[in-house]
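Along the sequence shown, residues are numbered consecutively beginning with 1.
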Amino acid sequence: MTTPKPEPEPEPAPAPAPAPPGIDAVDDHSALVAALAAPPATPIVSVKPIVLPSPSRGTDLHVSVSAPVSGRDLPIILFAHGFGSNLDGYAPLTDHWAAHGCVVVQATHLDSRRLGLTADDPRRPRMWRHRVEDLRRLLDELDVLEAAVPGLAGRLDRGRVAVAGHSFGGQTAAILLGLRVTDPQTGAAEDLSDPRVSAGVLLATAGAGGDHLTPFAHAQLPWLREQHFSHLTAPALVVAGDEDDLPLTTRGPEWTTDPYVLSPGDKSLLTLFGAQHFLGGISGYDAAETTDENPAHVALVRQVTLAYVRHALGIDSSAWNAARAVLADGRHALGRLISK
């Protein structure tokens, strides 16, 4: 059994980046949009489902690939949906990323309501591990996925790969970046990171387990009991809502900031003021599950996550530097962005 090391103490956040020339503190959303201008949007093409035969999984892996119709050397974003969703979810984010130069790859994981696994399905206790294997499979099968999208051949930059996820999907993404989860069946906390992935975006992602989990979470989501952030060393942007009060923890909204606070290395934290678990409505254009509908929050998440991915993958840091300046402490009503 692997004995995890104690989590590191949080590192002090450095001072916010100075504002680039011509950018002052802003309070209105239109000024923020102008400051974080992305590359021009282009039409996108989405192909789904691309079916990857998966006998050992028990259910074939259904995949969606979205890409801009033009451009070359396109970075790749793997996206893991939240519990119960599917490859059609999160279009407010994935469409935006694809329209601005990224190839977005999504799969339907085994916990999806679309698949309807029964309560006694033997795969349920290892759903967290199946999710990680799904994402690794997407990387293994990039040749197949690329060939399935008309006009995409030869346009991918396979040296620039990021991973993103929301909620349960945030944990999935974090594992590829180094997070270690104690397997509730074996007691081992294996390294399941993938060197092909350079950076990540963790949206409303679970924090540390232990005594702060509610009885429901402890019993029904055993993969949350022991998470070890000290190995999550890859660069990542964590996004949290300051009103995201989940029934999984007794700690309140601060719980979803743990991936930033407890992880070493290059990390940033975007806190949305007044946002709950779906961060204004990122899970779909008409998602009934959204409890805090706020188009301005969704727009902010789209812009800042795209700016971060382009920065972290070494494409262009100008929008990310602008985001750090505009969203420094006390400078914008929608949220705050800090880094360490």
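Arg180 places no side-chain N or O within donor-acceptor distance of the main-chain N or O of Phe229, the cut-off being under 3.5 Å. Of the possible donor and acceptor atoms, one in the side chain of Arg155 sits under 3.5 Å from a partner among the backbone N and O of Gly71. Side-chain atoms of Thr257 come within 3.5 Å of backbone N or O of Glu254 as a donor-acceptor pair. With Ser112 contributing its side chain and Thr108 its backbone, the two residues share no donor-acceptor pair below 3.5 Å. Checked by atom type and distance alone, the side chain of Glu141 never pairs as donor or acceptor with a backbone atom of Leu52 at under 3.5 Å. Remark: side-chain polar atoms of Arg131 are paired, donor with acceptor, to backbone N or O of His81 under 3.5 angstrom. In terms of modelled atom types and a separation under 3.5 Å, the side chain of Arg123 and the main chain of Leu117 share no donor-acceptor contact. Between the side chain of Ser85 and the backbone N or O of Gly82, no donor-acceptor pair lies under 3.5 Å.
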- request: Any chance you could lay out the side chain to side chain contact (heavy atoms under 4.5 Å, CB included) test for Val161 and Val163, step after step, and finish with the verdict?
  value: CA-CA 7 Å; Val161 179; Val163 65; over 6 Å; no
query: Taking it one step at a time, do Ser54 and Arg137 satisfy side-chain hydrogen bond (donor to acceptor under 3.5 Å, both in side chains)?
result: CA-CA 10 Å; Ser54 307; Arg137 178 80 185 280; 2.9 Å; yes
message: side chain to side chain contact (heavy atoms under 4.5 Å, CB included) for His130 and His109? Distances and angles first, verdict last.
response: CA-CA 8 Å; His130 282 293; His109 300 297; over 6 Å; no
message: If you apply the rule side chain to side chain contact (heavy atoms under 4.5 Å, CB included), what do you find for Thr182 with His228, and how did you get there?
response: CA-CA 8 Å; Thr182 298; His228 313 297; 2.7 Å; yes
- prompt: What do the steps show when you test Ser198 against Leu313 for side chain to side chain contact (heavy atoms under 4.5 Å, CB included), and what is the final call?
  reply: CA-CA 7 Å; Ser198 301; Leu313 296 183; 3.9 Å; yes
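Between Leu279 and His297 the shortest heavy-atom distance is O-CB, 3.7 Å. Closest of all the heavy-atom pairs between Val103 and Ala67 is CG2-CB, 3.9 Å.
For the atom pair CD1 of Ile76 and CG of Leu139, the computed distance is 7.5 Å after rounding to the nearest 0.5 Å. Taking CE of Met127 as the reference point, atom CG of Asp121 lies at 8.5 Å (rounded to 0.5 Å). Separating the CG atom in Leu87 from the CZ atom in Phe79 is a distance of 12.0 Å, to the nearest 0.5 Å. Rounded to the nearest 0.5 angstrom, Leu78 CG and Thr172 OG1 are separated by 11.5 Å. Atom CD1 in Ile175 sits 11.0 Å away from atom CZ in Arg136 (nearest 0.5 Å).
By the side-chain hydrogen bond (donor to acceptor under 3.5 Å, both in side chains) test, Thr214 is found to be paired with no residue, residues two or more places apart in sequence or in another chain being considered. Every residue meeting the ring-ring contact (aromatic ring centres under 6.0 Å, His included) condition with His166, not counting sequence neighbours, appears here in chain and number order: Tyr90, His277, Phe278. Here Asp60 pairs with nothing under the salt bridge (charged side-chain N to carboxylate O under 4.0 Å, His left out) rule; sequence neighbours left out. Evaluation of the side chain to side chain contact (heavy atoms under 4.5 Å, CB included) rule for Ala234 yields Leu177 as partners, not counting sequence neighbours. With sequence neighbours excluded, the residues satisfying side-chain hydrogen bond (donor to acceptor under 3.5 Å, both in side chains) with Ser193 are Asp191. Contacts of Ser268 classified as side-chain hydrogen bond (donor to acceptor under 3.5 Å, both in side chains), with partners at least two apart in sequence or in another chain: Ser339. The side chain to side chain contact (heavy atoms under 4.5 Å, CB included) check on Glu146 picks up Leu152, Ala153, Leu156, Arg158, with sequence neighbours excluded. Taking the ring-ring contact (aromatic ring centres under 6.0 Å, His included) definition, one finds that His96 meets it with His100, sequence neighbours left out.
Leu270 pairs in a side chain to side chain contact (heavy atoms under 4.5 Å, CB included) with only one of the listed residues (Leu334, Leu203, Val201, Val239), which is Val239.
Listed by first then second residue, pairs satisfying salt bridge (charged side-chain N to carboxylate O under 4.0 Å, His left out) with a partner in residues 238-250 number zero, not counting sequence neighbours. Applying the salt bridge (charged side-chain N to carboxylate O under 4.0 Å, His left out) rule to pairs touching residues 258-277 yields Arg251-Asp258, sequence neighbours excluded. Sorted by first and then second residue, the salt bridge (charged side-chain N to carboxylate O under 4.0 Å, His left out) pairs with a member in residues 295-316 read Arg310-Asp316; sequence neighbours excluded. Evaluation of the salt bridge (charged side-chain N to carboxylate O under 4.0 Å, His left out) test over residues 81-107, restricted to residues two or more places apart or in two chains, returns Lys48-Asp88, Asp88-Arg114.
Two residues are said to be in side-chain contact when any heavy atoms from C-beta on lie closer than 4.5 Å; Trp255 and Leu248 meet this criterion. Between Gln171 and Leu224, the closest side-chain pair of non-hydrogen atoms falls below 4.5 Å. By the 4.5 Å heavy-atom criterion applied to side chains, Ile50 and His62 are not counted as neighbours.
Using a 4.0 Å cut-off between a side-chain N of Lys or Arg and a carboxylate O of Asp or Glu, Arg72 and Asp157 do not qualify as a salt bridge. Checked for salt-bridge contact, Arg57 and Asp134 meet the test: a charged N lies under 4.0 Å from a carboxylate O.
Few gaps surround CD on Gln185; more than 12 heavy atoms of other groups in view lie less than 6.0 Å from it.
For Phe168 and Trp223, the gap between ring centers is short of 6.0 Å.
Looking at Thr305 and Trp97, their side chains do bring a donor and an acceptor atom within 3.5 Å of each other.
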